[in-house]
Amino acid sequence: MVFQYTNAFITIASVNLDKLVNFYTKLLEEKPVILIPNVYAEFNLGSTRLGIFKPKKTNESEFAAMSKDKQLLEDTLCEAVYTKSKISLCLEVSNLEDAIAHLTTLGYPPPGNISIASHGREIYAYDPDGNRLILHQASVNDN
């Protein structure tokens, strides 16, 4: 038997569903394409979908924050930060400085500095739940 899948998408669990949906609505400057109040919201990100769901009470501990580091929380303005997570939501942007300004206007300025990677420039930021975002601007030679 062959493992077959029909699609793949990213999901974020949050007990603060409304706050997170509001943040991504403002960040992406679009409303969710699917919205089930207090349950689920979904955004189209080009060829990828981003789902945000509220876990059932019995599953909330599965999505508990990994860090309550006071300095990091102050720097990111988040209640908790998933510093140990190996997964990030990476958004490729056409202008990194504009994206940073947009996040800052939303009240979530990136806590660090722009770094130079082999594939372009990037900066880490965090959503209201502390999930890591990587804003990336490709090098001119990248496709």
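Since the model is a prediction, treat every value here as computed from it, not as a measurement.
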Rounded distance (nearest 0.5 Å) linking atom [atom1] of [X] with atom [atom2] of [Y]:
| X | Y | atom1 | atom2 | value |
| --- | --- | --- | --- | --- |
| F9 | T48 | CZ | OG1 | 11.0 Å |
| I134 | I123 | CD1 | CD1 | 11.5 Å |
| K54 | S14 | NZ | OG | 8.5 Å |
| Q137 | N95 | CD | CG | 5.5 Å |
| L133 | Y124 | CG | OH | 11.5 Å |
| I34 | I52 | CD1 | CD1 | 12.5 Å |

At their closest point, which heavy atom of [X] faces which heavy atom of [Y], and how far apart are they?
| X | Y | result |
| --- | --- | --- |
| S139 | S118 | OG-O, 4.2 Å |
| A125 | P111 | CA-CD, 4.4 Å |
| F43 | T25 | CZ-OG1, 3.5 Å |
| I116 | R121 | CD1-CG, 3.5 Å |

Close side-chain approach of [X] to [Y], heavy-atom, < 4.5 Å:
| X | Y | answer |
| --- | --- | --- |
| E97 | I114 | yes |
| L27 | L106 | yes |
| E122 | S115 | yes |

### Message
Going by side-chain hydrogen bond (donor to acceptor under 3.5 Å, both in side chains), N16 matches just one of D127, D129, N22. Which one?
### Response
D129
### Message
Determine whether a donor-acceptor pair (N or O, by modelled atom type, separation under 3.5 Å) exists between the side chain of H136 and the backbone of H119.
### Response
yes
### Query
Does atom CG of N7 have more than 12 heavy-atom neighbours, drawn from other residues, nucleotides or ligands, at distances under 6.0 Å?
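Yes - once you tally the heavy atoms of other residues, nucleotides and ligands closer than 6.0 Å, there are more than 12.
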### Query
Does one hydrophobic cluster hold both V15 and V21, with members joined at side-chain heavy-atom distances below 4.5 Å?
no
### Query
Which word best sums up how the rings of F23 and Y108 line up, parallel for under 30°, tilted for 30 to 60°, or perpendicular for over 60°?
perpendicular
#### Entry: Residue pair R132, L89: steps toward the side-chain contact (heavy atoms from CB on, under 4.5 Å) verdict
CA-CA 7 Å; R132 185 185 316 108; L89 177 59; over 6 Å; no
### Message
Would N38 and D18 count as a side-chain contact (heavy atoms from CB on, under 4.5 Å) here? Give the steps.
### Response
CA-CA 7 Å; N38 299 312; D18 292 340; 3.9 Å; yes
